Amino acid sequence: MTAQLIDGKSLAQDIRDGIGRDVQALEARTGVRPGLAVVLVGDDPASAVYVRNKKKACDTAGLYVADHHLSAETSQAELLTLVDRLNADPKVHGILVQLPLPAHIDGQAVLNAISPGKDVDGFHPYNIGRLVAGDPVFVPCTPKGVIRMIESTGEPLTGKQAVVVGRSNIVGKPVAMLLLHQHATVTMCHSRTKDLPAVCREADILVAAIGKPRFVTGDMVKAGAIVLDVGINRLDDGRLVGDVDFEPVRERAGWISPVPGGVGPMTIAMLLANTLEGAKRAATGEGVA
Ligand code: GUN
């Protein structure tokens, strides 16, 4: 069997086109133009690329962008002052502080300072709690994109065995919660899981988010499984590969997402979707916390 491709790039483009139309309609109806503040501290090259792509996508969809690029020497107090200012700015409906932050800054303290109603990353403890409780406000962008991609296959999730490899707060844990809410039976694997390949082989839905190039090999995948690859790893020769060994896994899986052109573009589309949601709530005067 050769898997069908889950084309995140084209799915994301459709979603972004729809958001562009919604942004115009919202502004015409209410005068509110959705706005995203993007905060980058320092000069990490990967972060700079991610931030540039996010800002470009906002521009294309007609969102307002408040761009804040701060030096690597910015103090935690200065960053918290900026977050406070953005929390109070009525033109800003979403605040994204790009991670990782420099080592001298307590990243959790900064995430905790973002108003939950503007936390389009869904990383604030309030939003994590709402997600776990099954009553989410802002759902983290990559996990939200992963679920949309799985749904795009048309395969029902109810009762399926789902295995998530990787337990990060940003991807693994929220993906597991969302799959659970879709009535899948969810197992989380990590570096200390015993016989991880055997656990993966049970998966009808396999999400790889472990950050190790080509970690999921062909023999770890059940025939016909839906495989989502969240990894973006740069090899020594400059090539970009996922956490899944694409060619052999494609020969076993039923569906597979590529890297690049898979989850990455969906993360950006979901960021726009979350910012639009925030703006709609602001337009109706609806509070969050
Ligand atoms: N760094 C890597 N992924 C993300 C993300 O989804 N949001 C933010 N803010 N930083 C990141």
Side-chain angles (χ1 to χ4, degrees), residues 8 12 15 35-58 63 65-70 72 74 76 79-80 82-83 86-87 92-103 105-116 118-128 131 136-149 164 166-175 177-178 207-212 228-234 240 242-243 259-260 262-275 277-278:
I15 292 168
L36 177 69
V38 180
V39 181
L40 173 63
V41 184
D43 299 298
D44 176 67
S47 290
V49 171
Y50 293 141
V51 160
R52 189 173 348 117
N53 290 338
K54 289 169 183 179
K55 288 189 298 193
K56 210 158 63 180
C58 285
L63 280 79
V65 180
D67 185 12
H68 295 273
H69 187 179
L70 311 179
T74 302
Q76 182 167 323
L79 183 54
L80 289 172
L82 172 61
V83 168
L86 297 170
N87 282 339
V92 169
H93 307 103
I95 301 171
L96 180 134
V97 178
Q98 185 67 24
L99 303 176
L101 287 165
I105 294 177
D106 175 356
Q108 194 57 55
V110 174
L111 298 180
N112 292 356
I114 295 172
S115 165
K118 296 191 177 187
D119 170 36
V120 283
D121 261 327
F123 295 163
H124 190 284
Y126 177 86
N127 282 316
I128 296 169
L131 175 64
V137 180
F138 284 122
V139 174
C141 302
T142 300
K144 186 169 171 163
V146 165
I147 297 298
R148 294 281 282 267
M149 291 169 81
V164 180
R167 55 176 160 178
S168 71
N169 290 337
I170 291 182
V171 182
K173 287 180 194 169
V175 163
M177 276 302 138
L178 293 169
V207 180
I210 202 160
K212 294 186 180 160
L228 273 291
D229 189 350
V230 182
I232 302 179
N233 309 288
R234 180 78 64 187
L240 218 52
D243 292 355
V259 176
V263 173
M266 285 297 285
T267 295
I268 294 182
M270 294 303 107
L271 175 65
L272 302 187
N274 281 354
T275 307
E277 264 178 41

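Everything numeric in this text was worked out from a predicted model, so none of it was measured. Whatever order the structure lists them in is the order used to number ligands and atoms, beginning at 1.
Scanning both residues, Phe123 and Pro140, for their nearest heavy atoms gives CE2-CB, 4.1 Å. The shortest non-hydrogen separation linking Ala269 to Ile15 is CB-CG2, 4.1 Å. Among all heavy-atom pairs drawn from Asp106 and Gln76, the shortest one is N-OE1, 2.9 Å. Listed here is the closest heavy atom pair of Gly35 and Thr275: O-CG2, 3.5 Å.
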What are the atom names and distances for all N or O pairs under 3.5 Å between ligand 1 and the protein?
from     : atom 1 : to     : atom 2 : distance (Å)
ligand 1 : 1 (N)  : Gln98  : NE2    : 3.2
ligand 1 : 1 (N)  : Leu99  : O      : 2.9
ligand 1 : 7 (N)  : Asp121 : OD1    : 3.1
ligand 1 : 7 (N)  : Asp121 : OD2    : 3.3
ligand 1 : 9 (N)  : Val97  : O      : 2.9
ligand 1 : 9 (N)  : Asp121 : OD2    : 2.6
ligand 1 : 10 (N) : Leu99  : N      : 3.0

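Scored by the side-chain hydrogen bond (donor to acceptor under 3.5 Å, both in side chains) test, Asp44 finds Ser47 as partners (sequence neighbours excluded).
Between Leu86 and Lys118 there is no side-chain heavy-atom pair separated by less than 4.5 Å.
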